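Counting begins at 1 with the first residue of the sequence. When a ligand or atom number is given, it counts from 1 through the structure's own listing order. Keep in mind it's a predicted model, so treat the numbers as computed, not measured.
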Amino acid sequence: MAEIKRIAVLSSGGDAPGMNAAIRAVARKANKLGIEAVGVIGGYKGLVYENLISLTSGAVSNIINRGGTALYTDRCLEFVTEEGMQRAIDTCKRNKIDAIVAIGGDGTFRGATDLAVRGIPTIGVTGTIDNDITATDYTVGFDTAMNTVLELVDKLRDTCESHARINIIEVMGRHCGQIALCAGIASGAIATVIPEVPFDEQEILERIKAARDGGKRGMIVMVSEGVFVKDENGNDVPYAEVLTEKIKSAYGYDAKFVRPAHIVRGGVPTLRDRLTATKMGVHAMELISEGKSNLVVIENDGKIESLDIVFALTADRLYKGTLKEGDLDKFSAEEIAAMEAIADKRRAEIAELYAIANDVAL
Ligand code: F6P
């Protein structure tokens, strides 16, 4: 690969606290390596529309402590068309961008792969509050999001205790229940419902009744936004709302539904997120300076490592049961076994946390 003189960094998809620490780390490490850094404004859209800024060391001062992403983010429909993709590549060529660091989730990495196969070396950094990228133990933003949920629930607890009320809280996470599960344990929820594990509604209702009969006034029920049930017309309805009504109608208890929604995505990043983002950003630049491409930076058993992006995306689909025909064809038996091992690790993690949540619920 030709010498790397100039790189671009972008954030794409949903923002996550800690993305700024990753951007800063990429720019500063690039500087240390004698590589010029530019920032792409608004994710892949900034590449399509050539919206770039210079990222000197000074330009990334005072962002490590800020939530959101200083480079902004966007969903870009043009980028998924061949014409938009070509415009993005032309932007890279015109601006002599030798490689890209893309911070985000699975959608971001699909975009990164599209660039890499068209000759623009790209490295992904995992940033999303959902912690839903199967190939990594951790995604930047997860810790802050959980702590934000915790803070909100602690406040709710005060008032639901005063009123002998049950608060049913729906938290973000898309199809992944990790935020709900971890924050549910840490906030002392009486029940936690996540998409990954089948639940028994009657048992939840009886548990709540047993707690109330035992003198418990306020209660917290945590539900992941990825849990839906069908209404009478066959439409998906968020389960947290349905459960709230069921608790009311089953026993006449005072129950209120709470949806913090995007509040959970904002806020000052925690130490965990700033540190992990910094390590990942630095590692991304090390990989680029070694001439590597089409990798995603992950955390594995506490170590910052990297994996082939297509391998990581396929492992993700394998775990989520969304593999398409032919997805596994390009992988060896050993690689498929490695994907299965990653998926097993995630399942074991969820099963262990779920068991703990139930052990201490009442
Ligand atoms: O992926 C991050 C996330 O916040 C999910 O938890 C949530 O489902 C989704 O993004 C919301 O997306 P939007 O910002 O487009 O409403």
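Arg165 forms no cation-pi arrangement with Tyr253, by the criterion of a distance under 6.0 Å to the ring centre and an angle within 45° of the ring axis.
Side-chain atoms of Thr270 and Asp143 form a donor-acceptor pair, as typed in the model, at a separation below 3.5 Å. Between the side chains of Arg207 and Asn358, at least one donor N or O lies within less than 3.5 Å of an accepting N or O.
Ionic pairing of Glu299 and Arg272 is present here: one or more N-O contacts between side-chain nitrogen and carboxylate oxygen are shorter than 4.0 angstrom. Using a cutoff of 4.0 Å between basic side-chain nitrogens and carboxylate oxygens, Lys209 and Asp213 are scored as salt-bridged.
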Table of N or O contacts for ligand 1, cutoff 3.5 Å:
from     : atom 1 : to     : atom 2 : distance (Å)
ligand 1 : 1 (O)  : Asp130 : OD2    : 2.6
ligand 1 : 1 (O)  : Arg174 : NH2    : 3.1
ligand 1 : 4 (O)  : Arg265 : NH1    : 2.8
ligand 1 : 6 (O)  : Asp130 : OD1    : 2.7
ligand 1 : 6 (O)  : Gly173 : N      : 3.0
ligand 1 : 6 (O)  : Glu225 : OE2    : 3.4
ligand 1 : 8 (O)  : Glu225 : OE2    : 2.4
ligand 1 : 10 (O) : Arg174 : NH2    : 3.4
ligand 1 : 10 (O) : Arg265 : NH1    : 3.0
ligand 1 : 14 (O) : His262 : NE2    : 3.1
ligand 1 : 14 (O) : Arg265 : NH1    : 2.8
ligand 1 : 14 (O) : Arg265 : NH2    : 3.1
ligand 1 : 15 (O) : Arg75  : NH2    : 2.8
ligand 1 : 16 (O) : His262 : NE2    : 2.9

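Pairs of residues two or more places apart, or lying in two chains, that qualify as side-chain hydrogen bond (donor to acceptor under 3.5 Å, both in side chains) and include a residue from residues 177-192 are Asn131-Gln178, Gln178-Glu349.
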